[in-house]
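The next block holds one structure in the form of structure tokens; read it before the comments.
Computed from a predicted structure; not experimentally measured.
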Amino acid sequence: MPFKTTEEAVRAWVEGWAVSRGAAQPTPRPWGFTVEVGLPKEVARHVVTAADEPTVRKLAENTTARGIPLKAFVPARTLEAWLPPGWVLLDGHAVLMAARLSTVEAPPRLPDGYRLHRWDRAGVTRAVVRAADGSFAARGQIAVTGPTAVVDQVETHPAHQRRGLGRVVMGTLAEAATRQGARAAVLGATEEGRTLYEAVGWQVVAPLSAAAREPGDHRPMPGPAR
């Protein structure tokens with residue numbers, strides 16, 4: 001693993017994710033970080049780097065508003081067992097992954113008919129693959145924060161899957177981050193995405209699960225966590 005500890009990889013992921021999404025600088029907490037996101041469906045997020053049942057339960061019980069998910073680096077079943085009533089697991093990331101950028105597979109040649117567009121803005125490099133008719137085929141982005149980077153929002157349209165476009169995007173982002181001085185990178189992967197990332201040189205660092213208040217939960221709760 002390119003990081004000395006899991007905590008180091010988590011910190012890199014939190015800081016890079018905030019840059020990638022244009023969120024606020026992460027605020028350190030005794031149990032991890034809070035990131036102000038500012039979106040209707042995700043006002044903020046709590047990232048718990050030192051997760052155990054008392055910490056998770058207290059934080060969840062004291063999070064009064066909806067739209068503030070909780071991320072923890074434990075298996076989904078473990079997180080679910082720690083949640084108080086009114087909270088549910090979220091679909092999405094399943095593992096935190098890392099890679100030395102020098103070992104990530106170089107981007108292969110694009111299949112005929114596809115075009116790659118890449119641009120840099122505000123510390124984030126974006127790569128978009130378009131089909132012959134100009135429609136969306138695949139995308140991804142990477143945010144560089146010094147010697148580390150975070151890959152984010154990688155996806156391939158269902159109609160264009162199994163054509164190597166994900167490998168093109170991942171290789172392009174790795175090359176861009178390397179040119180900017182990054183040596184290692186992290187990302188949050190779904191189980192489906194994990195297969196692609198492992199194939200191009202990434203490895204699992206830790207499980208990654210998320211939970212949030214149920215949409216219909218209106219019960220009064222105690223004050224904010226200290």
Side-chain angles (χ1 to χ4, degrees), residues 6-7 9-97 122-124 126 139-143 145 150-155 157-158 186-194 205-226:
T6 299
E7 289 76 17
V10 169
R11 178 182 290 273
W13 180 65
V14 173
E15 293 180 351
W17 185 92
V19 173
S20 177
R21 300 297 179 95
Q25 178 69 28
T27 301
R29 305 292 190 193
W31 38 260
F33 300 91
T34 295
V35 183
E36 296 291 334
V37 182
L39 297 175
K41 292 185 178 180
E42 187 173 0
V43 181
R45 61 168 50 185
H46 296 316
V47 182
V48 186
T49 57
D52 55 31
E53 183 170 4
T55 299
V56 167
R57 185 169 291 274
K58 182 177 180 181
L59 180 59
E61 288 175 344
N62 288 320
T63 300
T64 60
R66 293 188 299 278
I68 306 178
L70 184 156
K71 309 277 181 172
F73 301 89
V74 297
R77 287 185 178 181
T78 300
L79 181 60
E80 185 175 35
W82 293 347
L83 295 173
W87 281 72
V88 294
L89 289 177
L90 297 175
D91 293 331
H93 296 330
V95 290
L96 184 72
M97 304 186 75
V124 181
R126 291 175 171 83
R139 69 163 178 167
Q141 60 194 60
I142 192 165
T145 53
V150 168
V151 173
D152 189 25
Q153 294 192 318
V154 176
E155 64 173 309
H157 190 283
V186 286
L187 59 80
T190 62
E191 281 297 344
E192 180 181 23
R194 174 179 175 175
V205 174
L208 173 55
S209 304
R213 280 199 171 283
E214 292 180 300
D217 184 23
H218 298 285
R219 297 170 305 153
M221 300 298 295
R226 298 296 183 187

Sequence neighbours excluded, the answer for side chain to side chain donor-acceptor pair (under 3.5 Å) partners of Arg29 is Thr34
Between Ala9 and Val186, which heavy-atom pair has the shortest distance, and what is it? O-CG1, 3.9 Å
Apply side chain to side chain contact (heavy atoms under 4.5 Å, CB included) to the pair Val48 and Thr55, showing each step before the final yes or no. CA-CA 9 Å; Val48 186; Thr55 299; 4.3 Å; yes
Heavy-atom nearest pair, Pro69 first then Ala44, reads CD-O, 3.1 Å
Looking only at heavy atoms, what is the nearest atom pair of Trp87 and Ala211, with distance? CZ3-O, 3.6 Å
Listed partners of Glu42 passing salt bridge (Lys or Arg N to Asp or Glu O under 4.0 Å), at least two apart: Arg45
Who passes side chain to side chain donor-acceptor pair (under 3.5 Å) against Arg21, sequence neighbours left out? Asp152
Tell me, which pairs form a ring pair (Phe, Tyr, Trp, His ring centres under 6.0 Å) where one or both residues lie in residues 49-71, sequence neighbours left out? none
Would you say the side chain of Val56 lies within less than 4.5 Å of the side chain of Leu79, judging by non-hydrogen atoms? yes
CG-CG distance between Leu83 and Leu89, expressed to the nearest 0.5 angstrom: 6.0 Å
Residue pairs involving residues 70-85 (criterion salt bridge (charged side-chain N to carboxylate O under 4.0 Å, His left out); sequence neighbours excluded): none
Quick one: do Arg139 and Glu155 satisfy side chain to side chain contact (heavy atoms under 4.5 Å, CB included)? Show the steps, please. CA-CA 6 Å; Arg139 69 163 178 167; Glu155 64 173 309; 2.7 Å; yes
Just checking Arg11: does its CZ atom have more than 12 heavy atoms from other residues, nucleotides or ligands closer to it than 6.0 angstrom? no
Tightest non-hydrogen contact, residues Ala143 and Gly16, listed as CB-O, 3.5 Å
For Val14, what residues pass the side-chain contact (heavy atoms from CB on, under 4.5 Å) criterion, not counting sequence neighbours? Val10, Pro26, Phe33, Val35, Val47
Applying salt bridge (Lys or Arg N to Asp or Glu O under 4.0 Å) to Glu36 and not counting sequence neighbours gives none
Going from CD on Gln153 to CD on Gln141, what distance comes out if it is rounded to the nearest 0.5 angstrom? 4.5 Å
Could you list the residues that satisfy side-chain contact (heavy atoms from CB on, under 4.5 Å) with Ala189, not counting sequence neighbours? Val95, Met97, Leu187, Tyr197
For a quick test of reading the model, state the closest non-hydrogen atom pair linking Thr145 to Glu15 and the distance between them. CG2-O, 4.3 Å
In Å and rounded to the nearest 0.5 Å, what is the OG to CH2 distance from Ser20 to Trp13? 11.0 Å
Spell out, as yes or no, whether a donor-acceptor pair under 3.5 Å connects the side chain of Thr78 to the backbone of Val74. no
Any side-chain heavy atom of Val37 sitting closer than 4.5 Å to one from Val43? no
So, using side chain to side chain donor-acceptor pair (under 3.5 Å) as the criterion, who are the partners of Gln25 when residues are at least two apart? none
Look up atom NE2 in His46 and atom OG1 in Thr27, then write down how far apart they are to the nearest 0.5 Å. 10.5 Å
Starting at CZ of Phe73, measure out to CG of Leu208 and round the result to the nearest 0.5 Å. 5.0 Å
With His93 via side chain to side chain donor-acceptor pair (under 3.5 Å) - residues at least two apart: none
Is Arg194 paired with Glu191 through a side-chain N to carboxylate O contact shorter than 4.0 Å? yes
Find the distance between CG (Leu70) and CH2 (Trp82) and round it off to the nearest 0.5 Å. 10.5 Å
My understanding is that only residues two or more places apart in sequence, or in another chain, count here; which of them pass side-chain contact (heavy atoms from CB on, under 4.5 Å) with Glu7? Thr5
Could you work out, with salt bridge (Lys or Arg N to Asp or Glu O under 4.0 Å) as the rule, every residue matching Glu192, not counting sequence neighbours? none
